Amino acid sequence: MMAEMAKIWRARSWMKKNVPFLYSWHAYVGYELELFENFKKPASIQEVALAKNVEMDLLEQWVEVGITLKHLKRASRNRIKVRNGWKLPSSKKEDFSSGVLLKEMMELHIPALLSYPSLLRNQTKQHFNSDLHGSTVAKTSVLLERFAFPKLQKVMKKFKVNSVLDLGCGKGGYIRRLADRHPKKRMVGIEIHEGVAREAKEALKSYDNIEILNRDLHEYEPDRAFDLIMANNLFHYINPSERLQFFEKASEWLEKKGQFFVLTPMQKSKHGKQFSSAFNSFFMTFQNLYPIPSQKEMETLAKKTGFKVVSIGPIVKEGGWYALCFKKK
């Protein structure tokens, strides 16, 4: 009898632990199909199903889940309305929506983590398709940019930076924001993903002081040194055996006393250990992605390549994301 009760208790315990996932799943579906936009004003399920051309039975069930989670509420007997909309992801049309984090988690992280049993059994890893997922990852980087930019701006002012190289610049969000505030400073962005680089060039074509290059950073050689080099969300693309060489290149490309600014999630960090360990597990399922660095590793690499640690601090504590600044001696 006691053994049976223990099994029931464990089952109930796991059900309770899975409830938070429902909030993420429901918000992701609402963001991806922009359903929350349709229910901003009271609307019937039938009206929204027709407007969005979606399966009505599935939409009805999604609405029922939303009501139980308090994402939605009944405005009348047949009409539904968003509840506490400020807590939900904003529209895809907006530049900065938390929905991009949900999209990356649901379409990249969770499928990769669910592949663990088969990968373990087959003793293999999968391949990360940057052409397929590059745009989603770039959008996540844009959102993280909002948290990191104040620290970057402080570095710009404190060290009187006049030239910036952004390695893995994505859609060019960081250098665009810097160029808006510093229109006379030279900005260069390097992006390996052709489609993302094309978007960045188009978005930044009106800036005379910004140059975007579609290059592999391992093959790039600048014609002159920079005051500041940024490497944001990049280290999981670099083999640990090549990171020392990467630091050496950064040092070589910097002016004397230049700054090396890095944004990355970190292993075994003081903050966000659960998320960063899961994030690292995601990277480890791919043969062409690599473990995120630890603070000790970054400090060791800096010491070996003549950099002084200026600052290391969290920008998103919940996710274990850190901003690190190193100064060339």
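Note that the structure is predicted; figures quoted are calculated from it, not measured. Count residues from 1 along the sequence. Computation of the quantities below employed the complete heavy-atom set of this structure, encompassing side-chain atoms and omitting hydrogens, waters and symmetry-equivalent molecules.
- Around the CD atom of Q274, the shell of radius 6.0 Å holds no more than 12 heavy atoms that belong to other residues, nucleotides or ligands.
- At a threshold of 4.0 Å, the pair E194-R198 counts as salt-bridged, since one of the basic side-chain nitrogens sits closer than that to a carboxylate oxygen.
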Inset, instruction - Run the numbers on L234 and F246 for side-chain contact (heavy atoms from CB on, under 4.5 Å), then give the verdict. - result: CA-CA 11 Å; L234 202 59; F246 182 69; 3.9 Å; yes
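- For the pair E47 and R79, the salt-bridge criterion is met [side-chain N within less than 4.0 Å of a carboxylate O].
- Looking at D166, its side chain never comes within 3.5 Å of a backbone N or O of I229 through a donor-acceptor pair.
- Taken to the nearest 0.5 Å, the CD1 atom of I315 stands 4.0 Å off from the CG atom of L263.
- Formation of a donor-acceptor pair under 3.5 Å by the Q267 side chain with backbone atoms of I292 is found in this model.
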Inset, instruction - Given side-chain contact (heavy atoms from CB on, under 4.5 Å), test M298 with I312 step by step and report yes or no. - result: CA-CA 10 Å; M298 297 297 277; I312 297 177; 5.8 Å; no
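- With a 6.0 Å radius and a threshold of 12 heavy atoms from other residues, nucleotides or ligands, K40 has its NZ atom at or below the threshold.
- No side-chain donor-acceptor contact under 3.5 Å links N280 to the backbone of S276.
- With respect to the salt-bridge test (charged N to carboxylate O, under 4.0 angstrom), the residues K93 and E37 do not qualify.
- With Y220 as the aromatic partner, R215 does not meet the cation-pi criteria of under 6.0 angstrom to the ring centre and within 45 degrees of the ring axis.
- Under the 4.5 Å side-chain heavy-atom criterion for ILVMFWY residues, no single connected hydrophobic cluster contains both L213 and V196.
- Between R181 and M156 there is no side-chain heavy-atom pair separated by less than 4.5 Å.
- Side-chain atoms of H109 never come within 3.5 Å of backbone atoms of F282 as a donor-acceptor pair (strictly under, hydrogens ignored).
- Between F39 and V63 there is a side-chain heavy-atom pair separated by less than 4.5 Å.
- With respect to E248 and K328, no salt bridge is recorded, no charged nitrogen being found less than 4.0 Å from a carboxylate O.
- Taken together through direct or relayed side-chain contacts under 4.5 Å among Ile, Leu, Val, Met, Phe, Trp and Tyr, W25 and V54 form part of one hydrophobic cluster.
- The closest donor-acceptor contact from the side chain of K125 to the backbone of M284 lies under 3.5 Å.
- The number of heavy atoms from other shown groups lying within 6.0 Å of CG (N84) is above 12.
- S281 places a side-chain N or O within 3.5 Å of a backbone atom of S277 that can act as its donor or acceptor partner.
- No side-chain heavy atom of R186 sits under 4.5 Å from any side-chain heavy atom of N162.
- When side chains are defined from C-beta on, Y237 counts as touching F128, because their heavy atoms get closer than 4.5 Å.
- Panel note: side chain R176, backbone L204; no donor-acceptor pair is recorded below 3.5 Å.
- Here the side chains of V161 and H182 are not in contact, with every heavy-atom distance at 4.5 Å or above.
- Formation of a donor-acceptor pair under 3.5 Å by the K304 side chain with backbone atoms of L244 is not found in this model.
- Side-chain contact check for K158 versus Q259: every heavy-atom pair is 4.5 Å or farther apart.
- Between the side chains of Q295 and S269, not a single donor N or O lies within less than 3.5 Å of an accepting N or O.
- Note: H71 and H26 have tilted aromatic rings, judged against thresholds of 30 and 60 degrees for the angle between ring planes.
- When side chains are defined from C-beta on, F286 counts as touching Q126, because their heavy atoms get closer than 4.5 Å.
- Counting non-hydrogen atoms of other residues, nucleotides and ligands closer than 6.0 Å to CD of Q46 gives a total of 12 or fewer.
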Inset, instruction - List the steps, then state whether side-chain contact (heavy atoms from CB on, under 4.5 Å) holds for E107 with E32. - result: CA-CA 11 Å; E107 296 182 7; E32 183 63 16; 3.9 Å; yes
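- The closest donor-acceptor contact from the side chain of N78 to the backbone of S44 lies at 3.5 Å or more, if one exists at all.
- Aromatic ring pairs are classed by plane angle as parallel below 30°, tilted from 30° to 60° and perpendicular above 60°; the pair W321 and F279 is tilted.
- Side-chain contact check for I192 versus L217: every heavy-atom pair is 4.5 Å or farther apart.
- If you run ring-ring contact (aromatic ring centres under 6.0 Å, His included) between F260 and each of F307, F159, F226, only F307 comes through.
- Partner F36 forms a ring-ring contact (aromatic ring centres under 6.0 Å, His included) with one of W86, Y31, W62, Y28 and no other, that one being W62.
- Under the 3.5 Å distance criterion, the side-chain polar atoms of E211 are left unmatched by any main-chain donor or acceptor of V188.
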